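We count ligands from 1, going down the list as the structure has it; atoms in each ligand are counted the same way. Reckoned from all heavy atoms, side chains included, excluding hydrogens, waters and symmetry mates. Everything numeric here is computed off the predicted structure, so don't read it as measured data.
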Amino acid sequence: MSAQPPEPAPAPAPAPGPAGPVPAARSRWRLIRGDVLHFLDDPGSGVDGAGTPSYAYHADGGLLIEGGLVRFCGAWTGAEAAAPPGTQRIDHRGKLICPGFIDAHIHYPQTDMVASPGHGLLDWLERYAFPAERRFADAQWAQEVAEFFCAELLRNGTTCALVFGTVHPQSVDALMSVAQRLGLRLVAGKVMMDRNCPEFLRDTAQSSYDDSKRLIERWHGAGRLRYAITPRFAATSSLEQLEAAGALAREHPDVPVHSHVAENVAEVELIRQLYPWSRSYLDVYDRFGLLKPDSIYAHGIYLDAQDRRRMAERDTAIAFCPTSNLFLGSGLLDLRQALDAGVRVAMGTDVGGGTSFSMLRTLGSAYQVAHLKGYVLSPLRAFYLATLAGARALGLAQQVGNFAPGKEADFIVLDADATPLLARRMAAAQSLEERLFLWLTLGDDRAVEASYVLGEPLWQRPGRAAHAPPRSAP
Ligand code: GUN
Ligand code: FE
């Protein structure tokens, strides 16, 4: 059951990574002990022709970190042997160490209106999302929400996210500054929106171009931060604005696009009316050069085979947001169809349309939605979608997503005993797959014992579960 690829030798001292020079406090060696799991490929595709396993699992494993970067991942004995004298040891025995979750679609300005019921997407946007986003004209409010938002990501085990701001450039400045202080790997952008929305949230084609360009210059590549060109969706941008977004995309080849597509039946019909010349909703974006590698479109429920082929060709990903799709009554993504077409798929919470910051809850809903479409999502593939698949979709697979030597040591510690029921049910689990399935079905933020960013614990659950019996992993 456990796939054990050849153990890589500890890497030589790496050049400073894309995050730039490592701060002194992070330059020390750390050795983390626990049950270590990470993915090398999509387990849905099984073992490839060359016999390369798609994941590595080390019950009683070790993760050796220097300067915030992974140096070695493997069995405990190997990790211990590779650690130089003076290495700090952190014991998470009996817990699962896995890469931090990657949330490929979330709106930080909607933190304060999560769980607001509406009559479908368009009504919900008017009634709750737009008024909540209005407050981000106030930079101080933006800062306060950004602080809470980043803390909530970490509390839920999410160490990397692709985030919508609001139309206000200061919303992005606030979020980026908080993420920069924490050392989080974040991708974010200012919403471009110049029609079909309230006057108080409207920019113009020119101002959205100018503001986005300034923000790209300020934040794209600043430490671990990246920018995403963020037209809200085709319904709220004029042709001129989509052209401006396309110009930005062309002028900045390594800056991705982040938007929504084909989420809701009424929305798809609106797009048909607004763009009668377009073959499909997705085709609108394609005509403006907005389907580019490493870009993410949330939802993609109502795409056809040609759209899926186009996304696969363009290396443009779907963010699957099952709690949002259920909550807003949007529909059920056919996950297998998307994956089989070769479309990159990552997981998104889509808070505040989504109902939870928890990637475990999101995977639980993903399992249910896939099931309703006749596909049984394996727990291994689910964890892959929430980690390495997210990194691949965002073009960050050289930096994060698994524990290959040289990667940034963003990881989390999952507790099998987080609640009495989870502890009781886990006690009967026979395999890694069973444990993963229990976490995604019964788990939530309570199961996240710690979240580490560049090897530093930025979140640690206070106290210890009193009902936790010591156990060794299957
Ligand atoms: N489509 C356009 N804007 C939004 C939004 O804020 N949330 C969701 N779920 N879909 C959208
Ligand atoms: Fe969204």
Proximal atoms of ligand 1 relative to [X] (non-hydrogen, under 4.0 Å):
X	value
Asp350	8 (C), 9 (N)
Leu121	8 (C), 10 (N), 11 (C)
Gln110	5 (C), 6 (O)
His107	5 (C), 6 (O), 7 (N)
His299	9 (N)

Minimum-distance N/O/S atom that [X] presents toward the Fe ion (ligand 2):
X	result
His107	NE2
His105	NE2
Asp350	OD1
His260	NE2

message: Between Ser212 (side chain only) and Tyr209 (backbone N and O only), is there a donor and an acceptor less than 3.5 Å apart?
response: no
query: Side chain, backbone, both or neither: which part of Phe130 has a heavy atom under 4.0 Å from ligand 1?
result: neither
query: Of the backbone atoms (N, CA, C, O) and the side-chain heavy atoms from C-beta on, which set of Leu125 has a member under 4.0 Å from an atom of ligand 1: side chain, backbone, both, or neither?
result: side chain
Basic-acidic side-chain contact under 4.0 Å: [X], [Y]:
X	Y	result
Asp35	Arg435	yes
Arg425	Glu434	yes
Lys292	Asp254	no
Arg202	Asp194	no
Arg218	Asp173	yes
Arg392	Asp41	yes

message: Students should be able to answer this: which protein heavy-atom is nearest to atom 10 (N) of ligand 1, and at what distance?
response: Glu263 OE1, 2.7 Å
- prompt: Does at least one non-hydrogen atom of Trp124 fall below 4.0 angstrom from an atom of ligand 1?
  reply: yes
message: Between ligand 1 and Glu267, can you find any atom pair, the residue atom being a heavy atom, that is separated by under 4.0 Å?
response: no
query: Are the ring centres of Tyr285 and Tyr297 closer than 6.0 Å?
result: yes
- prompt: Is a side-chain donor-acceptor pair under 3.5 Å present for Ser278 with Asp283?
  reply: yes
- request: Decide ring-ring contact (aromatic ring centres under 6.0 Å, His included) for Tyr227 and His220; before the verdict, give the C-alpha distance in whole Å, the side-chain angles of both, and the deciding distance to 0.1 Å.
  value: CA-CA 5 Å; Tyr227 193 82; His220 187 68; 7.6 Å; no
- request: Could you tell me whether Arg232 and ligand 1 have an N or O pair separated by under 3.5 Å?
  value: yes
